[in-house]
Amino acid sequence: MSMKLELEWLVDPLPGAEKLLNRTAEECLKAEGITFPGYAQLQITDDQGIHEINREYRGVDRPTDVLSFPSMPCTPDQTLGANPRRMLRERDETGYCFLGDIIISLPRAREQAAEYGHSLERELCYLTAHALFHLMGYDHMNDKDKERMRAMEEKALNQAGVARVTDEELIALSQKAMEFSYSPYSHFKVGAALLGKSGKVYTGCNIENGSYGATNCAERTALFKAISEGEHEFSAIAIAAEKSAPWPCGICRQALNEFAPDIRVIVTWDGNRDEAPLPVLLPHGFGPKQGTLDFLGKE
Ligand code: THU
């Protein structure tokens with residue numbers, strides 16, 4: 001291991017998280033191209049704990065999800081990876097370079113994990129990676145820096161094997177969403193869970209109406225929730241029903257095609273599972289480009 005996290009739990013520890021966090025930290029250094037050993041202190045606390053630190057050291061009088069305090073301030077253009085000589089200079093007597101301190105609020109992490117539809121462990125790894133890249137000089141003040149930092153986080157989390165929401169998790173979320181189905185007319189319950197490329201999951205159910213045509217399918221409920229929250233790219237959608245395969249209807253295929261023409265569609269029902277990519281479900285689909293005047297060669 002070329003990276004150590006000195007982990008301190010000020011709340012009930014989460015069994016198994018430490019190994020995953022260390023693996024993530026290791027991958028963060030690797031992603032940055034740092035080959036000599038480093039360490040950081042990571043304290044996992046509650047909202048009150050992080051609030052006090054935020055107030056005392058940053059003059060910000062509120063709790064937050066994560067804080068990082070670099071041991072050596074550097075700008076995004078002078079990241080430690082880009083400046084290994086400096087990092088070498090900063091090594092302590094054990095040969096390890098101290099990157100700085102990280103504080104995470106466990107209740108905040110729990111809330112965010114629920115919001116994103118992934119596990120608490122994964123959220124803790126994400127927050128740790130985010131903080132570590134801050135310690136290594138990354139920031140997200142403008143879109144370009146944000147994109148660069150996000151790409152590094154994703155790379156490290158992927159390498160650590162904690163980034164992706166699994167198909168099983170997505171399916172479980174679709175089945176949970178099915179419970180909220182409003183289907184007093186058809187009694188055909190449908191749930192959907194749509195995985196955004198950001199890693200966030202958007203769920204939806206079918207919502208029927210006494211005027212039948214006003215009904216909204218589960219897939220479009222999930223899709224519209226995602227679009228209305230600013231997410232436009234998707235990698236997979238799980239759709240659940242009770243007794244028969246809930247392959248998406250034509251309108252939902254068309255709606256998905258607008259944003260994610262290559263999306264994987266997974267259906268589950270009554271203990272069964274099947275999967276197909278959207279181009280198989282919607283061959284020769286009409287895409288967003290075909291709808292523009294440009295495409296038609298008109299002004
Ligand atoms: N339904 C969906 O939610 N998704 C589909 O792709 C097909 C149909 C819903 C709509 C309606 O509430 C019920 O299933 C029966 O058509």
Side-chain angles (χ1 to χ4, degrees), residues 111-119 122 164-292 295:
E111 274 169 39
Q112 286 170 195
E115 188 188 321
Y116 275 79
H118 57 219
S119 68
R122 179 177 292 124
R164 241 172 55 83
V165 172
T166 63
D167 287 354
E168 286 64 34
E169 283 174 305
L170 202 63
I171 288 167
L173 287 165
S174 71
Q175 289 167 344
K176 200 167 146 215
M178 184 175 72
E179 299 306 318
F180 296 118
S181 163
Y182 177 75
S183 42
Y185 307 104
S186 74
H187 302 287
F188 190 78
K189 290 184 178 182
V190 188
L194 177 63
L195 177 58
K197 291 219 171 142
S198 72
K200 188 164 172 171
V201 175
Y202 303 85
T203 58
C205 62
N206 54 334
I207 307 167
E208 297 190 342
N209 195 282
S211 171
Y212 296 176
T215 292
N216 206 54
C217 293
E219 299 89 321
R220 275 175 292 140
T221 304
L223 179 67
F224 296 161
K225 277 170 73 179
I227 303 301
S228 67
E229 288 178 31
E231 179 116 32
H232 280 202
E233 290 185 287
F234 308 97
S235 49
I237 184 167
I239 310 163
E242 290 175 313
K243 300 262 157 51
S244 59
W247 290 109
C249 75
I251 299 176
C252 288
R253 293 176 197 205
Q254 181 65 28
L256 288 168
N257 187 56
E258 182 77 13
F259 298 96
D262 298 317
I263 195 169
R264 279 192 311 124
V265 179
I266 307 163
V267 290
T268 63
W269 72 101
D270 200 20
N272 302 296
R273 170 176 170 171
D274 203 352
E275 174 176 338
L278 190 59
V280 169
L281 302 177
L282 189 70
H284 312 293
F286 191 89
K289 280 214 182 76
Q290 278 122 302
T292 62
F295 185 84

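As the structure lists them, so they are numbered: ligands from 1, and atoms in each ligand from 1.
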Do Asn216 and Thr221 have side-chain N/O donor and acceptor atoms under 3.5 Å apart? yes

Are the side chains of Leu194 and Val201 in touch, meaning some heavy atoms are under 4.5 Å apart? no

Is there a side-chain contact between Val190 and Cys205 (heavy atoms, below 4.5 Å)? no

Rounded to the nearest 0.5 Å, what separation is found between the CG atom of Asn206 and the SG atom of Cys217? 7.0 Å

So salt bridge (Lys or Arg N to Asp or Glu O under 4.0 Å) across residues 262-288, not counting sequence neighbours, yields Asp167-Arg264, Asp167-Arg273, Glu168-Arg273, Arg264-Glu275

Which heavy atom of the protein is the closest neighbour of atom 1 (N) of ligand 1, given with residue, atom name and distance? Cys217 SG, 3.6 Å

Atom indices of ligand 1, in the order listed, that fall short of 4.0 Å to a heavy atom of Pro248: 6 (O)

Give the residue, atom name and distance (to 0.1 Å) of the protein heavy atom nearest atom 14 (O) of ligand 1. Phe188 CD2, 3.4 Å

Atom 9 (C) of ligand 1 [closest protein heavy-atom partner, distance rounded to 0.1 Å]: Asn206 ND2, 3.5 Å

Using a 4.0 Å cut-off to any heavy atom of Thr215, which atoms of ligand 1 qualify? 10 (C), 11 (C), 12 (O)

Tell me: protein heavy atom nearest atom 12 (O) of ligand 1, and distance? Glu208 OE2, 2.5 Å

shortest atom 3 (O) of ligand 1-to-protein heavy-atom contact is with Ala218 N, 3.0 Å

Salt-bridge present (Arg122, Glu169; N to O < 4.0 Å): yes

So which protein heavy atom does atom 5 (C) of ligand 1 come closest to, and at what separation? Glu219 OE2, 3.4 Å

Aromatic plane relationship, Tyr185 with Tyr182 - under 30° parallel, 30 to 60° tilted, over 60° perpendicular: perpendicular

Of the backbone atoms (N, CA, C, O) and the side-chain heavy atoms from C-beta on, which set of Ser186 has a member under 4.0 Å from an atom of ligand 1: side chain, backbone, both, or neither? side chain

Looking at Ser183, Cys249, Ser181, the heavy atom closest to atom 7 (C) of ligand 1 belongs to Cys249

Sort and list the pairs that fulfil salt bridge (Lys or Arg N to Asp or Glu O under 4.0 Å) and have at least one residue in residues 223-241, not counting sequence neighbours. Lys200-Glu229

So, for atom 16 (O) of ligand 1, does the protein have a heavy atom nearer than 4.0 Å? no

Can you list the ligand 1 atoms lying under 4.0 Å from a non-hydrogen atom of Val190? 1 (N), 2 (C), 3 (O), 9 (C), 14 (O)

